[in-house]
Amino acid sequence: MAASYRLQIKVHAVTQSLPSPAISCIQNAPYVAEASRISSADSLNECSDSSSDVSAAANVLRDVHISAQLMNDFLDLAKDNTDKDLETCGVLAAFLRGGTFYVTTLIIPKQESTSNSCQALHEEEIFSIQNEKSLFPVGWIHTHPSQRCFMSSTDLHTQYSYQIMVPEAVAIVMAPTDESRFYGIFRLSDPGGMTVLKECHDEGYHSHQEPADGSPVYEHCSNIYVNQNLRLEIYDLR
C-alpha cells in the first residue's frame, strides 16, 4: 500500500443500548510510512515458552497495525483493577483494507477478574459492536498486574479461540510490575502450538506438551506495527 494512501473514517455514536459511549474518537487513518514494526527485542526478557521470534506461518500472515496509544490507554483504564491486583481484559477489533488489519477499536467488556484470571461477560455486547462496525476480532489484551509477562495455560486456550477464527489474532500481555519486560505481543506457533491446544481439553492451570515439530507453544509476533496516525475508539462496557 502506497505511503500516500489515506482512508477517511466516519465517527458515529453507538446505536445499541450499551452502558457507555465511545470515550475516544477515531481520526484520520493510517499512513504506512508512519508505522514502525514491533520486534521481540522491544520487550525482551527470558520466557521459556516463547524463544522463537518468527513462526513458519509468519510469511503468509497479514500485517496488523495498532495505535501508538492503545497499550497506554488500556493500562490507564485498567489502573483501578491493577491497584487491587485484579486482571483486566479487552478485545481488539480491526477493519481489513489492502491486505492489512487496522485495529481501530478496543472493547472492554463486563468481566469477572482475579489476580490471575479474567473472564468476559455478556459477550453479545462485544459481537454487537463488531457487527455494527464490520470489524474483525484480531485478538485481545490483558494485564498481569503482579505477574511476569508470559502466556499462562488459560491464556493459551483463550488465544486459541481467537487464532482459530483469525490466524493473525494476537495476545497482548501488559505486565506493569515486570521490570524486564513491560509488555509482550504473542501468538500460538502454527501448526505446532495450534495443534497442541486443539488436542488439549484440560481446564484451569495445567502444563502443555511440547509441539511435535520442536517449535515453542507460543512466540513473539513478527507482523505487528505501531501506527502513529491510527487513532483508537474505546468502548468501556463495564
Side-chain angles (χ1 to χ4, degrees), residues 19-20 23-24 38-51 64 66-93 103 105-123 125-126 137-163 169-188 193 197 202-208 216-221 224 226 232-238:
S20 64
I23 61 176
S24 181
I38 295 179
S39 69
S40 62
D42 293 330
S43 59
L44 185 62
N45 80 342
E46 295 181 3
C47 189
S48 61
D49 286 341
S50 55
S51 58
V64 177
I66 64 174
S67 167
Q69 69 198 59
L70 186 151
M71 289 186 279
N72 284 334
D73 282 359
F74 176 71
L75 275 183
D76 286 344
L77 292 168
K79 186 178 185 306
D80 286 347
N81 275 357
T82 300
D83 290 344
K84 299 172 185 175
D85 195 21
L86 297 174
E87 287 195 3
T88 306
C89 63
V91 177
L92 309 176
V103 178
T105 304
L106 168 63
I107 306 169
I108 302 179
K110 295 181 179 68
Q111 51 198 265
E112 291 181 345
S113 302
T114 70
S115 62
N116 55 20
S117 67
C118 188
Q119 177 65 48
L121 305 174
H122 301 292
E123 292 182 319
E125 295 181 347
I126 302 172
V138 295
W140 61 304
I141 182 171
H142 75 291
T143 56
H144 281 185
S146 57
Q147 300 184 68
R148 63 187 181 92
C149 186
F150 74 109
M151 292 280 280
S152 70
S153 58
T154 55
D155 292 342
L156 295 177
H157 282 274
T158 299
Q159 176 59 19
Y160 177 81
S161 69
Y162 281 98
Q163 205 169 316
V170 302
I172 303 179
V173 179
M174 304 299 300
T177 62
D178 189 332
E179 296 181 356
S180 55
R181 178 193 287 158
F182 180 63
Y183 71 90
I185 305 180
F186 306 112
R187 67 186 302 273
L188 297 175
L197 270 296
D202 294 338
E203 297 181 356
Y205 289 94
H206 55 278
S207 61
H208 288 103
V217 175
Y218 70 97
E219 60 197 3
H220 294 279
C221 295
I224 310 301
V226 171
L232 186 66
E233 190 174 26
I234 301 173
Y235 291 88
D236 191 347
L237 308 181
R238 295 174 294 176

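The figures here come from the full heavy-atom set of this structure, side chains too, leaving out hydrogens, waters and symmetry mates. Treat the numbers as computed from the prediction; the structure is a model and nothing was measured. In what follows, residues are counted from 1 in the order of the sequence shown.
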J.: For S113, enumerate each residue passing the side chain to side chain contact (heavy atoms under 4.5 Å, CB included) test, keeping only those at least two apart in sequence or located in another chain.
T.: N81, L86, Q111, C118
J.: Do you know which two heavy atoms are closest between S146 and D85, and how far apart they sit?
T.: OG-OD1, 2.7 Å
J.: Any side-chain heavy atom of I66 sitting closer than 4.5 Å to one from V170?
T.: no
J.: Considering residues at least two apart in sequence or located in another chain, which fulfil the ring-ring contact (aromatic ring centres under 6.0 Å, His included) criterion with H122?
T.: none
J.: Do any N or O atoms from the side chain of S67 and from the backbone of Q69 form a donor-acceptor pair under 3.5 angstrom?
T.: yes
J.: For the residue pair Y162 and W140, categorise the inter-ring angle as parallel (less than 30°), tilted (30 to 60°) or perpendicular (more than 60°).
T.: parallel
J.: Taking the side chain as every heavy atom from C-beta outward, state whether R238 and L77 have any pair of such atoms under 4.5 Å apart.
T.: yes
J.: As an exercise, state the distance from CE of M174 to SG of C89, rounded to the nearest 0.5 Å.
T.: 14.5 Å
J.: Give a yes or no answer on whether the side chain of T143 reaches the backbone of T88 with a donor-acceptor pair at less than 3.5 Å.
T.: yes
J.: Counting C-beta onward and ignoring hydrogens, is there a side-chain heavy-atom pair between F186 and H220 closer than 4.5 Å?
T.: yes
J.: When rounded to the nearest 0.5 angstrom, what distance separates CZ in R148 from OG in S180?
T.: 9.0 Å
J.: At their closest point, which heavy atom of Q159 faces which heavy atom of L188, and how far apart are they?
T.: CG-CG, 3.9 Å
J.: Using the side-chain contact (heavy atoms from CB on, under 4.5 Å) rule, take T105 and V91 through it: C-alpha gap first, then chi angles, then the decisive distance, then the call.
T.: CA-CA 8 Å; T105 304; V91 177; over 6 Å; no
J.: Which residues pass the side chain to side chain contact (heavy atoms under 4.5 Å, CB included) test with T114, not counting sequence neighbours?
T.: N116, S117
J.: Any heavy-atom pair between the side chains of L156 and H208 that's under 4.5 Å?
T.: yes
J.: Look up atom CD1 in I141 and atom CG in L75, then write down how far apart they are to the nearest 0.5 Å.
T.: 7.0 Å
J.: Check this for me: does any side-chain nitrogen of one of K79 and D83 sit under 4.0 Å from a carboxylate oxygen of the other?
T.: yes
J.: If you compare all heavy atoms of T82 against all heavy atoms of P176, which two are closest, and at what distance to 0.1 Å?
T.: CG2-CG, 4.0 Å
J.: To the closest 0.5 Å, what do you measure between CD1 (I107) and CD1 (I234)?
T.: 11.5 Å
J.: If the test is side-chain contact (heavy atoms from CB on, under 4.5 Å), which one of V103, I185, I224 qualifies with I172?
T.: I185
J.: To the nearest 0.5 angstrom, please state how far the NE2 atom of H142 sits from the CG atom of D155.
T.: 3.5 Å
J.: Could you tell me the separation between the CZ atom of F74 and the CG atom of L232, rounded to the nearest 0.5 Å?
T.: 11.5 Å
